[in-house]
Amino acid sequence: MSYSAERSLSFLYPFVILTSLVCCITSAVAWTHWRYVLNACPDTNCGCILYGRTAYNSFEGGNIAYCHYATYGLLLPLLFAVVLGVYHGYRICIGKGKRKAGTTTIRQRSGDMIVVTTESELTPDGLSPYYWLPATVISVIMAIYQLVYAAIFTDGFEVTCKQYRESVLKEIQGVGNIVPVIKARLSCAAIFDFMDFLVESISYERRRYGRINTSICLYLTLVLSWFALLGWIAICVINIVNMRRTRAARV
């Protein structure tokens, strides 16, 4: 059981590492691309693509702290995932140890001899039963942290999408049947495509990457942040199951 659990963990931790790393990269690309163009606030830095809002004659970004969090917020889960992933990957690579076995001879009243062979549940190189408790605590905390990250990013994404729908209607001076099409039918991917081509400013030449596909960057971060959460939940389940299984050995 311990070996199969470690084998599963050796795949789950790299999965979490990959999804979290892509989240950091794609959110950083979107942030650095738009940070000057959307920073139209006089008193604060509002160059974040998340939580953007429609102003009277422009479109302003959200507080820059949201993009700092979207870009650097997963470094802590990444750190734990890398350390534990390397640990379990190394243990899987060195192979499975043999279980400890012992024999006992029992003499019956009839004079017959019975040889009883016992086998330990733990292998010589198996994980200590005391490992699973701190591992469970860490994985639960990281799962909650990942949930907060994914929820904040999703909410910021939806707010910007909703607000820029209003800006598109202003830009094209939409009236009549075009209004429900823009507000209800167009996907957020299409709305961000409008943003890529319609939002301009005196800082346009400072866009670091020219013109990017903003919707791909944001959708990758959005989807993979929830995939990373599923990875942490799976890790939590494995750790909790093994913690309960080894409870007797810790007493």
Side-chain angles (χ1 to χ4, degrees), residues 19-74 146-229:
T19 53
S20 299
L21 192 59
V22 174
C23 285
C24 293
I25 294 173
T26 52
S27 61
V29 170
W31 163 41
T32 54
H33 177 77
W34 288 103
R35 59 179 175 176
Y36 296 119
V37 180
L38 299 181
N39 188 17
C41 303
D43 301 324
T44 184
N45 189 335
C46 59
C48 183
I49 186 68
L50 302 176
Y51 291 100
R53 55 190 179 275
T54 301
Y56 177 72
N57 58 355
S58 65
F59 187 78
E60 300 175 354
N63 192 290
I64 199 65
Y66 290 117
C67 280
H68 287 165
Y69 180 67
T71 302
Y72 305 116
L74 292 183
Q146 184 69 44
L147 174 62
V148 172
Y149 176 94
I152 290 176
F153 191 92
T154 302
D155 186 54
F157 174 90
E158 293 291 343
V159 168
T160 299
C161 178
K162 181 179 179 180
Q163 288 290 309
Y164 196 68
R165 291 180 191 272
E166 302 295 335
S167 292
V168 170
L169 288 173
K170 289 181 181 180
E171 188 74 25
I172 66 175
Q173 298 180 353
V175 293
N177 291 333
I178 194 66
V179 175
V181 172
I182 297 295
K183 286 191 172 183
R185 292 298 182 91
L186 287 184
S187 66
C188 285
I191 294 299
F192 284 115
D193 286 339
F194 275 106
M195 188 175 184
D196 286 334
F197 288 90
L198 296 182
V199 175
E200 296 184 6
S201 74
I202 59 174
S203 301
Y204 181 83
E205 66 279 0
R206 300 179 69 181
R207 294 188 186 186
R208 186 172 180 180
Y209 305 105
R211 179 174 280 119
I212 66 169
N213 192 324
T214 303
S215 63
I216 288 182
C217 290
L218 296 181
Y219 268 112
L220 276 174
T221 309
L222 178 69
V223 173
L224 292 181
S225 65
W226 289 103
F227 278 157
L229 174 62

Look up atom [atom1] in [X] and atom [atom2] in [Y], then write down how far apart they are to the nearest 0.5 Å.
X	Y	atom1	atom2	value
L50	H68	CG	NE2	12.0 Å
Y66	I49	OH	CD1	14.5 Å
I182	L169	CD1	CG	5.5 Å
C217	L222	SG	CG	12.5 Å

Check whether [X] reaches the backbone of [Y] with its side chain - one donor and one acceptor, N or O, closer than 3.5 Å.
X	Y	result
Q163	G52	no
S167	F59	no
T160	F157	no
R35	C67	no
D196	T214	yes
N39	N45	no

Check whether any side-chain heavy atom of [X] sits under 4.5 Å from a side-chain heavy atom of [Y], and report yes or no.
X	Y	result
M195	W34	yes
L186	R165	yes
Y69	V148	yes

Self-check item: Sequence neighbours excluded - side-chain hydrogen bond (donor to acceptor under 3.5 Å, both in side chains) pairs with any residue from residues 148-157
Solution: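 Listed by first then second residue: Y51-D155, T154-W226.
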Quiz item: Which residue pairs satisfy the salt bridge (Lys or Arg N to Asp or Glu O under 4.0 Å) criterion with at least one member in residues 64-74, sequence neighbours excluded?
Solution: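 Counting only pairs at least two positions apart or across chains, no salt bridge (Lys or Arg N to Asp or Glu O under 4.0 Å) contact touches residues 64-74.
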Quick check: closest heavy atoms across [X] and [Y], and the distance to 0.1 Å?
X	Y	result
C188	E158	SG-OE1, 4.4 Å
T19	A228	OG1-CB, 3.4 Å
C48	N63	CB-O, 3.3 Å
Q146	S20	OE1-OG, 4.3 Å
C41	R53	SG-NH2, 3.2 Å
S225	C23	N-SG, 3.4 Å

Practice problem: List for me each residue that meets side chain to side chain contact (heavy atoms under 4.5 Å, CB included) alongside S215, sequence neighbours excluded, and say none if there are none. | Solution: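 Only A189, F192, D193, N213, Y219 meet the side chain to side chain contact (heavy atoms under 4.5 Å, CB included) criterion with S215.
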Quiz item: Is there a donor in the side chain of S27 and an acceptor in the side chain of T221, or the other way round, less than 3.5 Å apart?
Solution: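 No donor-acceptor contact under 3.5 Å links the two side chains.
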Exercise. Please test T54 against Y164 for side chain to side chain contact (heavy atoms under 4.5 Å, CB included), starting from the C-alpha separation and ending with a verdict.
Key: CA-CA 7 Å; T54 301; Y164 196 68; 5.8 Å; no
Quiz item: Is the count of non-hydrogen atoms from other residues, nucleotides or ligands lying under 6.0 Å from K170 atom NZ greater than 12?
Solution: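 More than 12 within 6.0 Å, yes.
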Exercise. In sequence, state the C-alpha distance, the side-chain angles, and the governing distance for K183 and K162, and then conclude on side chain to side chain contact (heavy atoms under 4.5 Å, CB included).
Key: CA-CA 8 Å; K183 286 191 172 183; K162 181 179 179 180; over 6 Å; no
